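See structure below.
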Amino acid sequence: MVQIFAAAALILFLCNLIGQLWVNHWEEYQDSLWLATIMGLLTLFAAFQVAAVPAIYFKRKLHELVIYMAVVMVVLCMASIVMLVKSRGAYYRHQLAKISTAVKNRQNIWFLLAAVLILIHTYYGAFYDKHNQDDVRYVGAVVDAVETDEMLLYHPGTGEYLGEIMSEFTKDAVAPVLMFWAMWCRLLSIHPATFTHIVVNLFMIPIAYGAAYLLGRQLCRKNTGWTGVFLCIYSLFNLTNHVLPPEGISLALHFMRWGKSILYAVLIPVLIFIMMEIADKERPGKLYLRLELVLLGGCMATTMSCVLLPVVTGVWALWDAVKGRSLKSVRRFLIPCLLCLPNIVYALLYITY
């Protein structure tokens, strides 16, 4: 049990450490705990995606990706540590100051209530996890990869060696989130079933609520009290609605090992949050780089993200351009659309395979 909690805490810490490279110069979000954690996770998604897709198609071994990602994480963590040393730990000083301020702010009672509900949901999602018929496909593929060192070449239901990426698993070659979990299983020496059912929920459910917090903060125009109320309502909805017939998005947070759950609960909220940030800025500048990270990292999750993320980006960029009605607005429309090219390439790869 200690290893399980330690693994989830380690992954959250690494994501937060790496993500500080992105939020260090992000104005009012320089000390944002969850934005740094989410950007760190998306950085790992993007780095893994770039190498995993060709590795799967050329039938490379899982351990090669494990070594590659270990090197990537060490380099990124070292870069972040150097940045922290130069700033004399400013990020963590800001975190302590925020805690001190939060204790004195009565509006944060809503955040305290939301935190309790999120902890309950995380515990419930990790230790009372529902098993689904799709586990044969999802968890079975991770188990096969860890035990055989082959990626998506075994039929997860029968254990038969296929030798080719075929049948229903063709789609997972383009969205290798299952191999991302397998990589962590190898690095942390945790059984795939334990990791996918328990550890993934322990760190992905808080990350999903972190994405909801960022989006809620934008929707509530950075009002602390209303953002807390938003989080409380959102967490109550997800805690209670999973037992009702219309499962939908609320059930997604109970199956965070699925790529589509990551898409609905993390990627789309973060994408909308960044697009709102772009719309609020006269000169988006580095926000376009952060948008590209979300889009590229989104290819990791599911083939649906190759379609949904560009659609959301395009619609929002069109609205932003029409609102401006100037030559500059045309550029604000074209740049986000061009950033969607990796997603479109992956979508075509999936269709033509």
Side-chain angles (χ1 to χ4, degrees), residues 3-4 7-8 11 41 44-45 48-49 51-66 68-69 125-205 208 242 247 251-266 299-306 346 349-350 353:
Q3 184 186 14
I4 289 172
I11 294 172
L41 177 69
L44 295 180
F45 272 5
F48 189 83
Q49 167 78 10
V53 169
I56 290 171
Y57 274 109
F58 290 107
K59 302 176 186 176
R60 307 300 301 180
K61 303 295 184 182
L62 175 64
H63 76 267
E64 297 175 356
L65 281 179
V66 173
Y68 159 75
M69 284 303 295
F127 295 100
Y128 294 91
D129 186 18
K130 288 187 175 183
H131 295 268
N132 186 279
Q133 62 271 16
D134 274 346
D135 275 1
V136 174
R137 298 197 299 122
Y138 292 110
V139 180
V142 181
V143 173
D144 286 336
V146 172
E147 292 184 349
T148 67
D149 206 31
E150 301 283 358
M151 296 187 288
L152 303 174
L153 297 180
Y154 282 80
H155 192 288
T158 64
E160 177 188 1
Y161 179 71
L162 303 175
E164 296 290 338
I165 304 165
M166 55 190 298
S167 187
E168 59 184 334
F169 268 87
T170 301
K171 64 186 180 66
D172 289 316
V174 183
V177 68
L178 301 178
M179 299 303 100
F180 187 73
W181 304 143
M183 177 271 296
W184 280 111
C185 293
R186 279 287 186 87
L187 282 176
L188 301 174
S189 297
I190 296 178
H191 191 277
T194 302
F195 187 86
T196 51
H197 281 283
I198 300 178
V199 180
V200 169
N201 278 347
L202 280 176
F203 71 85
M204 284 302 300
I205 290 178
H242 71 279
E247 295 176 339
L251 192 59
L253 269 71
H254 293 270
F255 296 102
M256 290 304 296
R257 57 188 172 273
W258 295 358
K260 55 191 173 185
S261 295
I262 298 172
L263 173 65
Y264 297 144
V266 178
C299 294
M300 259 289 295
T302 169
T303 46
M304 288 187 289
S305 64
C306 295
Y346 280 126
L349 185 66
Y350 165 60
Y353 183 76

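This structure is a prediction, so every number in the text was calculated from the model and none was measured.
- Residues meeting the side chain to side chain donor-acceptor pair (under 3.5 Å) test with E147, sequence neighbours left out: none.
- With contacts defined as side-chain heavy-atom distances shorter than 4.5 Å, the pair L65/M183 does not qualify.
- Evaluation of the side chain to side chain donor-acceptor pair (under 3.5 Å) rule for H191 yields no partner, not counting sequence neighbours.
- Side-chain contact check for Q49 versus V53: some heavy-atom pair is nearer than 4.5 Å.
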Q.
Let's go through D144 and Y161 carefully: what are the C-alpha distance in whole Å and the side-chain angles of both, what is the deciding distance for side chain to side chain contact (heavy atoms under 4.5 Å, CB included) to 0.1 Å, and is it a yes or a no?
A. CA-CA 10 Å; D144 286 336; Y161 179 71; over 6 Å; no
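- Listed here is the closest heavy atom pair of C185 and P192: SG-CA, 3.6 Å.
- Taking the side chain as every heavy atom from C-beta outward, I190 and I4 never approach each other to under 4.5 Å.
- For the salt bridge (Lys or Arg N to Asp or Glu O under 4.0 Å) condition, the pairs that include at least one residue of residues 177-192, sequence neighbours left out, are D149-R186.
- Closest non-hydrogen pair, R60 versus M151, comes out as O-CE, 3.3 Å.
- The two residues A208 and V266 make their nearest non-hydrogen contact at CA-CG2, 3.8 Å.
- Of all heavy-atom pairs between A8 and V199, the closest is N-CG1, 4.1 Å.
- If you take CG on L178 and CG on L152, they are separated by 6.5 Å, rounding to the nearest 0.5 Å.
- The aromatic rings of F180 and F45 sit perpendicular to each other, their planes meeting at more than 60°, with 30° as the lower class boundary.
- Nearest heavy atoms, L188 versus Q3: O-NE2, 3.3 Å.
- Atoms NE2 and CE, from H197 and M256 in turn, are 15.0 Å apart once rounded to the nearest 0.5 Å.
- Contact check for L44 versus M69: side-chain heavy atoms found under the 4.5 Å cut-off.
- Within the 3.5 Å criterion, the main-chain N or O of R257 finds a donor-acceptor partner in the side chain of W181.
- Of all the heavy atoms in P176 and F48, the pair that sits closest is O-CE2, 3.6 Å.
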